[in-house]
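Worksheet for the structure shown next.
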Number of protein chains: 2
Amino acid sequence: MNYSENLLFQCVSENDCRRMLDCMKARKRDFFAGEEIYSFDTPRKIVGILLSGQAAVVRYEYNGTRSILENLSPKGIFGEHLSFVPSDDSCIAVVCQTDCQVLFIDYQRLTATCQNACSCHTQLIRNLLQLLSDKTRSLSERVEVLSQRSIREKLMCYFMQLAAGKNSSTFELPFTMIDFADFLSVNRSAMIRELGKMKQEGLIRISRRTITLL
Amino acid sequence: MNYSENLLFQCVSENDCRRMLDCMKARKRDFFAGEEIYSFDTPRKIVGILLSGQAAVVRYEYNGTRSILENLSPKGIFGEHLSFVPSDDSCIAVVCQTDCQVLFIDYQRLTATCQNACSCHTQLIRNLLQLLSDKTRSLSERVEVLSQRSIREKLMCYFMQLAAGKNSSTFELPFTMIDFADFLSVNRSAMIRELGKMKQEGLIRISRRTITLL
DNA sequence: GATATTCTGTTGCTTTTGCAACATTTTTGT
DNA sequence: ACAAAAATGTTGCAAAAGCAACAGAATATC
């Protein structure tokens, strides 16, 4: 595993990485599918980096509804200071969808220039800036989808984002239909009904999780 | 006007501020209410800071619907790299609600350490990090509101956020009802109808834009 | 390879939301 | 102070979305 491949350590040599991680007391941990990586209730301000596997940031409302706030792929970054604030009647957690390996770094240590005054710490902060910028971008995209008024508009908006991201009118949904409905914050059967209509009207082609915009 | 009051220049002396702003070729401009401060279509990567007045980040869909993506108060920061990506069938702009004064800084110059190697540039970047972190937080809150399923849930969710922010069960809506409906991405009359019901059921007290949770 | 479990897709019914048109109130501009 | 414009609030009707219950398909488990 090369740390320097991670976006957070871009332009930092592997040696410097290891030294810094040591200096920041970063910890690595393995998780099994379904396990909870991180709960936003914990008081410690920690940044997590997904090294391998798939995970999701999930909110459980106390009335039972569940929302997928974000999908995390390897190199994905999460944590208290990066986003998502649990409210009084909900809790937020990062949950593994497959087996995962995660790196944890204390936020204070990450942003404070250490007494060893690593010159590369500046680079680290600049990288963090970029990551936050990216995160803001993806949150904005999510807001764009959610602020569509109808299920069809939500679907199309998200499809266009995926298509733009892959630069192709054919793409794969990164969700089960159940999770997809939770992601769009709509009723699953209403969503599938709408997908059916869109298929009939010739707007899209769809087979399982592969979708083509026509 | 003291620049060092601005969050972006926190812990930077007024002198250093002026020197850096000069070095980064920052420009200051005045706008009238209703004017467009900034459109996200422009190719230049620019960061704007609202020095005075009220403005909003607005998306106009080509089908006519309008969504308020964010409200900006003095010291608010906006720009391409900080958030919001216009899609093929929408455009995003920052629009003044009152007369405004805005400071523009080139993003490249802001994040690149200048050749003069101002030591305070490091501080500037750290401040930017904090601002982005805050922005991410507010976007997350917005996602939380929008991912509620019904109008009532959206209203309550947003009210709780306002109440938590002001630490009081009485607070002022920062919107007209029209803008508020656009912010929640719901129909205005349906929203007002729901507010009426909630009032009747004794959940809230409401008079004009002042709301009390009961 | 049989069984259990999860996921996918369908449908009728109910509820909620959106829409349009209007009356009333408040704000703005001169 | 007055007129014009904008914002607020109401309502009936239409459309969309949610819900529940179910059947079939795919996947996992042993």
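Numbered from 1 within each chain, the chains take letters A, B, ... in sequence-line order.
Note: CG (A/D182) to P (D/dC19) measures 12 Å, nearest angstrom. Between B/D179 atom CG and D/dT8 atom P there is a gap of 8 Å when expressed in whole angstrom units. Summarising the geometry, the separation between CE on A/M177 and P on C/dT10 is reported as 10 Å, rounded to the nearest angstrom. In this structure, A/Q97 atom CD and C/dT6 atom C1' are separated by 15 Å, rounded to whole Å. Between the CD atom of A/Q148 and the P atom of D/dA16 there is a distance of 16 Å, rounded to whole Å. Atom CG in B/L184 sits roughly 10 Å away from atom P in C/dG18 (whole-Å rounding). As rounded to whole Å, 7 Å separates atom C1' of C/dT8 from atom CZ of A/R188. Between the C1' atom of D/dT11 and the CD atom of B/E194 lies a distance of 15 Å, rounded to the nearest Å.
Panel note: side chain B/D99, backbone B/A33; a donor-acceptor pair is recorded below 3.5 Å. Side chain of B/K135 to backbone of B/I77: a donor-acceptor contact under 3.5 angstrom is found.
The A/I192 side chain lies nearest to C/dT10 when the options are D/dC19, C/dT10, C/dT17. Residue B/R193 places its side chain closer to D/dC13 than to any other of D/dT8, D/dA26, D/dC13. Ranking C/dC19, C/dT8, D/dG18 by closeness to the B/S189 side chain, first place goes to C/dC19. When each of C/dT8, C/dT11, C/dG18 is scored by its nearest atom to the side-chain atoms of A/I178, the top-ranked nucleotide is C/dT8. Across C/dT8, C/dT17, D/dA7, the shortest atom-to-atom separation from the side chain of A/R208 is found for C/dT8.
Side-chain contact check for A/K154 versus A/E194: every heavy-atom pair is 4.5 Å or farther apart. Residues A/T212 and A/F159 are not in side-chain contact: their nearest non-hydrogen atoms beyond the backbone lie 4.5 Å or more apart.
Among the protein residues, B/R209 comes within range of the sugar-phosphate backbone only, with heavy atoms under 4.0 Å from sugar or phosphate atoms but none that close to a base. Residue contacts for A/L195: at a heavy-atom cut-off of 4.0 Å it reaches no nucleic acid atom on any strand shown.
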**Item:** Stepwise salt bridge (Lys or Arg N to Asp or Glu O under 4.0 Å) test for B/D16 and B/R19
**Value:** CA-CA 5 Å; B/D16 284 343; B/R19 194 165 51 77; 3.2 Å; yes
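Comparing B/I206 and B/R149 by the nucleotide of DNA chain D whose heavy atom lies nearest to each, the residue mapping closer to the 5' end is B/I206.
Side-chain nitrogen and oxygen atoms of A/N187 include at least one within less than 4.0 Å of the OP1 or OP2 phosphate oxygen of D/dC19.
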